[in-house]
Amino acid sequence: MFRFVFLVLFLFEASLSGEHVREWKNLKGQVIKATLQDFKTESAGEGKDTVASANKSRKDDLVQLEVVIPRGKTVEKEPSHKKVYDIPFPDFSDDDKEYILDWHWSRHRQAFFDSCLQVVQGEQRAIRTTRRTKEGEPPKPLSDRVYLRDGSEIDGVVKNSLFSIHTTYGEFDLELERLASIQFGDGLSTHDVLTGVNKNRFSGFLGFPASPGNTKANFLTFETVNGAREIRREEVLRIIFQVREEELAGLYHDTSVSVRLRNNDYFDATVHGGQLPVGNRTILVSEVKHVLFEGTQSAVILKNGGRENLSFPEEDLPMKLDLGPEIKIFQGHLDRLNCDPDFRPIGTVIEAESERAANISFESDLPGRVRSISSSSIFNELLQKDDRIVSINGRIPEFPDKGDDSYEKALDALFNKKKEPISHVELGVQRGKQLFFQITIVRKDGTDA
Amino acid sequence: MRKLVLLLIIIAVSPVGAEEGFRPWKTFKGTDFDAFLKNIYKRDIESGRLIGYDPAFPAETLKLSKEQMEWLQSKGAGEKSLRAVKLTVKVYPQADPNVRKSKKSEPKQVDMDFPLLFFSDEDQGYVLDWDWRQKRQTFFDSSLQVVLGEERDMQKERRQPGPQYDLIYLREGSRSFKIKGVVQNSRFALRSNYGRFEVNRDRLAGIQFRDESGGLDVVIGVNNNRLSGFLGLPADPNTGARINLLTYEGENGDKQEVRKEKVSRIIFRVREDELNGLGGDNTVYVRLKNGDAFDARIPEGEFKLGGRSERVADVRRVVIKDGIPTFMLKTGSNPPGEFSTPDLPFELELGPQIQIYSKHLEQISCEPTYRPVGRIVEASDDGDVRLSFQKNPAQGKVLSVSSRSAFGTLMEKGDRIVSINGRIPEFPTKGDDSYELACEALFEGKTIPKIVLGVERGTHVFHLTIIRLSGV
C-alpha cells in the first residue's frame with residue numbers, strides 16, 4: 001500500500017523549510033513530485049557520509065516527504081491535497097539519497113552558517129558550504145590563506161596550535177582553532193591584530209611559541225600541497241583562517257558580555273563570574289544593559305532604567321574570555337561593557353539619526369571606495385577619501401554601477417519602518433595595505449526606525 | 001729670593017676647562033692676599049687666576065716654614081700632604097730704588113701653589129666649587145641633561161641643595177600632575193616588536209608611557225638610546241616593588257605606590273655614575289626601522305657573513321634594506337654580503353643581550369662620531385630647514401613648515417621644539433633664537449656636525465637630526 005501511494009504521489013508547493021518541489025524516484029524508477037520536509041536520523045549530517053555508507057547504516061532512517069495527491073486529471077477542477085509520509089531512506093534512488101543527504105547536511109549547518117564569521121579583514125574565509133561538489137565528489141580540504149610581505153599568497157593549513165599575544169592589558173595565549181585571522185603590524189604605527197571566530201579583536205605583539213616536535217618559536221608552520229613550510233613570523237602579513245565546523249562550539253555563554261577597551265580592542269567575556277558587585281550586593285549581567293567606565297567612575301545602567309555604581313574592590317577585573325584565557329584587566333583600560341547579548345558592536349560605534357545621515361558616496365568606477373567625507377558627516381575624522389568598504393554585516397559587499405548597492409540596502413534595513421529593522425550595520429574598512437578597521441552604525445537613541 | 005723660591009713653585013701649565021679670570025683673593029684673616037704676598041716676597045704680586053686644586057699636595061714641595069706648617073697642622077692639614085691651590089699670579093720685577101720709576105714694569109705670569117687654608121672661607125669655597133665643576137665637566141658635557149623636552153634634575157653645583165629627584169607625571173582621568181620622588185623599581189621589562197628584555201633603572205633617563213588609547217611606551221636611556229614597546233614593571237623583592245606598581249620615595253621619605261597605567265612620564269634625575277662603562281670605542285649605533293636606536297657591541301667585534309666576516313673596526317656604516325646589508329668600509333669599498341644568520345646578536349650598552357631579525361634593521365653606524373638621533377634630515381643650507389615659530393607664549397611652537405622644506409612630512413604645524421642639541425632652547429620674541437644659532441653653527445660656521453631636535457607632538461616627543469647634505 002505504501003509503495004503504491006509513493007508511486008502516485010505528486011507534489012507542487014515549496015515546503016516550510018524553503019525546499020522546492022522536485023521529482024523523486026524510487027528504486028524501480030517510478031517518479032513522484034514531493035517536498036522534502038525532514039530526515040529522521042541519528043547519524044546524518046556528517047560530512048563524510050556517502051550513499052554507500054548510508055545504505056549500510058541507515059536502515060531505520062526515515063525521510064519525511066510532503067506529497068500532494070492529485071484527485072483528478074484537471075488540477076484546476078480537482079485540486080490535489082497534501083499528505084506527509086515517512087519513507088525509509090533505503091527505498092530512494094541513489095540520486096535522491098544524495099539529495100536527501102545534501103539537504104540534511106545543509107540544514108544541519110544553517111545555524112552555524114548564519115552565525116560564523118565568513119568574512120574577516122574584508123576577505124572571504126574558506127568555508128565548506130556543500131556536502132559535495134557539483135560533480136558529486138567530496139569537496140577538497142579547506143586551506144588557510146597566508147599572505148606574505150613580498151606580495152605572494154600561499155594556501156595551506158597552519159600547524160601552530162597556539163599564539164601568544166602581549167597586549168597593553170596583559171599577555172595570554174589563544175588557540176588556533178578560535179582564530180579567524182591575524183593581521184601583522186608594521187612595527188611602527190600598527191600592532192598585530194588577532195580576530196577571533198566570534199569577531200573579538202586583540203591587538204599587541206604576537207608571539208609564535210614553540211611546540212616541541214611540531215613548530216619552532218617565531219616560525220609559522222603550515223602544510224601545503226607541496227609539503228610542510230616554515231616561514232619567519234616577520235615575513236607574514238596576514239593569515240585568513242578557514243572556517244572550522246567546531247570553531248564556535250562552547251562560545252556565547254549566557255553570562256558573557258561584550259567588553260570594549262579604550263585601545264579599541266573588544267571581546268566577549270564573563271566578567272567577575274557574571275555577577276557585578278553594586279554596593280553591598282551583586283547583580284546578574286542579565287539585568288544590566290551596559291556599564292560605562294569614565295575615569296575612576298563606573299556606572300551600571302540597568303535594563304529597568306536604573307543606574308548604580310560599580311563597586312569592584314580590586315583595581316583589576318577578573319574575566320574569563322569566551323575564547324579561553326582567564327585574565328585580569330585594569331579598570332582604567334575599560335571603556336564599556338555591553339551586556340545585551342543582541343548588541344555586540346565591533347570597532348568604532350557611530351550613531352546615525354537617519355539613513356541620510358549615514359550616507360556615504362562611493363567612486364563609481366572603484367567598487368566600495370569612499371569618494372569623500374564631508375566635515376558634517378558622522379564619519380568625519382573616521383573615514384577618509386579612498387578608504388574601501390570591504391565588508392558589510394559580515395559579507396563581501398556589492399557595489400554595482402547602477403541601482404541599489406549593499407550599503408544602501410543595509411541602511412534601508414537599519415531604518416526600515418515597514419518591518420523589524422536590523423539592530424546595526426557593521427562595516428569593514430581597508431585603508432591602504434596595512435590598516436583594517438571596523439565601524440558599527442547604530443540608530444541614535446530615540447530614532448524612529 | 002730664598003723665600004720666593006720657598007714659596008714659588010712654577011710648574012708647566014696644565015690644560016684645564018673653562019679659563020677663570022683674574023680675581024682678588026683674601027687671606028684667612030680677611031685681608032688682601034696681594035698685600036700678604038707683597039709682605040712675603042717684598043715685591044708686587046697680584047693674585048691670581050685659579051688654575052688648579054690638589055687635595056693631597058706634597059707638603060714638602062711647598063717648602064713652608066716650620067711656623068707655617070705648625071699653623072696649618074693646627075688647622076687640620078696633614079704632615080705630608082695638604083690641600084693646595086694653584087694660581088697664576090702676576091709677579092712684577094723688583095723695583096730698583098736707585099732708578100726713577102717712570103711707569104710700572106710689565107709683570108710675568110707665574111703659576112704658584114698655596115695652601116688652601118691661607119685663603120678666606122669664601123675663597124676656599126670658590127676653589128672647591130671650581131674643582132667640583134672641573135672634575136665633572138666631561139660628565140656634564142656628555143650626560144643627557146634634557147630628555148623628552150624636559151630638564152633632568154641634576155646637581156650642577158657643589159653647594160646646590162639636594163637631594164635630586166625623579167619627576168613623575170601622573171594622570172587621573174583628564175587631570176595630570178607631577179610629583180617629585182625617587183623611583184624604587186630597579187628593573188623595567190620591555191616587550192618590543194623585536195624582542196623581550198629588561199633594562200636597569202640606573203641606565204634610564206626618561207620613560208614616556210603610552211596613553212589609554214594605545215601606542216607604545218618609550219624608554220630613553222642615559223645615552224639617549226630609544227627603545228619602544230609595552231613596558232612592564234616586574235616585582236622586585238630587593239626593593240619591595242610590586243608587579244605593575246611604580247614604587248617611589250616621596251620628598252618626605254614616604255614610600256608610595258601607583259599603578260603603572262596612571263603614570264604618564266618619568267624624568268629620571270641625573271646620577272653621577274650613570275654613564276660608567278658606556279661609550280666604548282668598539283660600540284656601534286644600531287637604528288631600527290621602527291625608529292628605535294641603541295648603542296651596542298657586536299659579539300667578537302665582527303659581522304658574520306656567509307663564509308667570511310667584516311671587522312667592526314673596518315666598517316664605517318652598514319645600510320640594511322630588506323635584511324640585506326651593504327657594507328661601507330673605511331677603505332671606501334662597498335663589498336656585498338649577507339648576514340650568516342637571520343637574527344643578529346647585539347649586546348646593548350644599556351645591558352641586555354638581544355637578537356634582532358635582520359629585516360628590522362635599518363642602519364648600523366660603526367663610527368663613534370656619527371650617532372644621529374631619530375629621523376635624519378639632510379639639508380644643503382639653513383634655508384632648507386627654516387622654520388617659523390609662533391610668538392610668545394607659544395615658545396618653540398612651529399607656525400608653518402614650507403612645502404619645500406627638507407623636513408617634508410616629518411614636521412607639522414603645531415609641533416613644538418623642546419630641545420636643541422640636548423639643551424632647552426630659547427625662543428625670544430626678538431633677536432636670534434636657539435634654532436637660528438644652531439643652524440648658523442651647522443651651515444655657516446660649520447662648527448657643529450649636526451643639530452638634534454626634540455619635537456613634541458601632543459604628548460609624545462620624537463627626535464630629528466639635521467645634517468649637512470654632504471654628510472657629517
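Proteins come first, then strands; the chains are lettered A, B, ... in the order of their sequence lines, and each starts at number 1.
In terms of modelled atom types and a separation under 3.5 Å, the side chain of A:Ser164 and the main chain of A:Asp173 share no donor-acceptor contact. Distance alone, capped at 3.5 Å, is enough to place a donor-acceptor pair between the B:Asp217 side chain and the B:Arg210 backbone. A donor-acceptor contact shorter than 3.5 Å links the side chain of A:Arg233 to the backbone of A:Leu206.
Proximity to chain B is absent for every atom of A:Leu261, based on heavy atoms less than 4.5 angstrom apart. Neither the backbone nor the side chain of A:Arg149 comes within less than 4.5 Å of any heavy atom in chain B. With a 4.5 angstrom heavy-atom cutoff, A:Glu294 does not touch chain B via any of its atoms. Only the backbone of A:Thr167 has a heavy atom closer than 4.5 Å to any heavy atom of chain B. Heavy-atom distances place no part of B:Ser228 under 4.5 Å from chain A, backbone and side chain included. Looking at B:Arg259, only its side chain comes within 4.5 Å of chain A, counting heavy atoms on both sides. Both the backbone and the side chain of A:His166 come within contact range of chain B, judged by heavy atoms closer than 4.5 Å.
Ring geometry for B:Phe346 against B:Phe294 counts as perpendicular: the plane angle is over 60°, on a 0 to 90° scale with 30° as the lower cut.
Comparing B:Arg196, B:Lys289, B:Lys262 by how many heavy-atom pairs each has under 4.5 Å with chain A, the most go to B:Arg196.
A:Glu426 has a carboxylate O that lies under 4.0 Å from a charged side-chain N of A:Lys199, or vice versa, which qualifies the two as a salt bridge.
The ring-ring contact (aromatic ring centres under 6.0 Å, His included) test applied to A:Phe202 returns A:Phe172, A:Phe267, not counting sequence neighbours.
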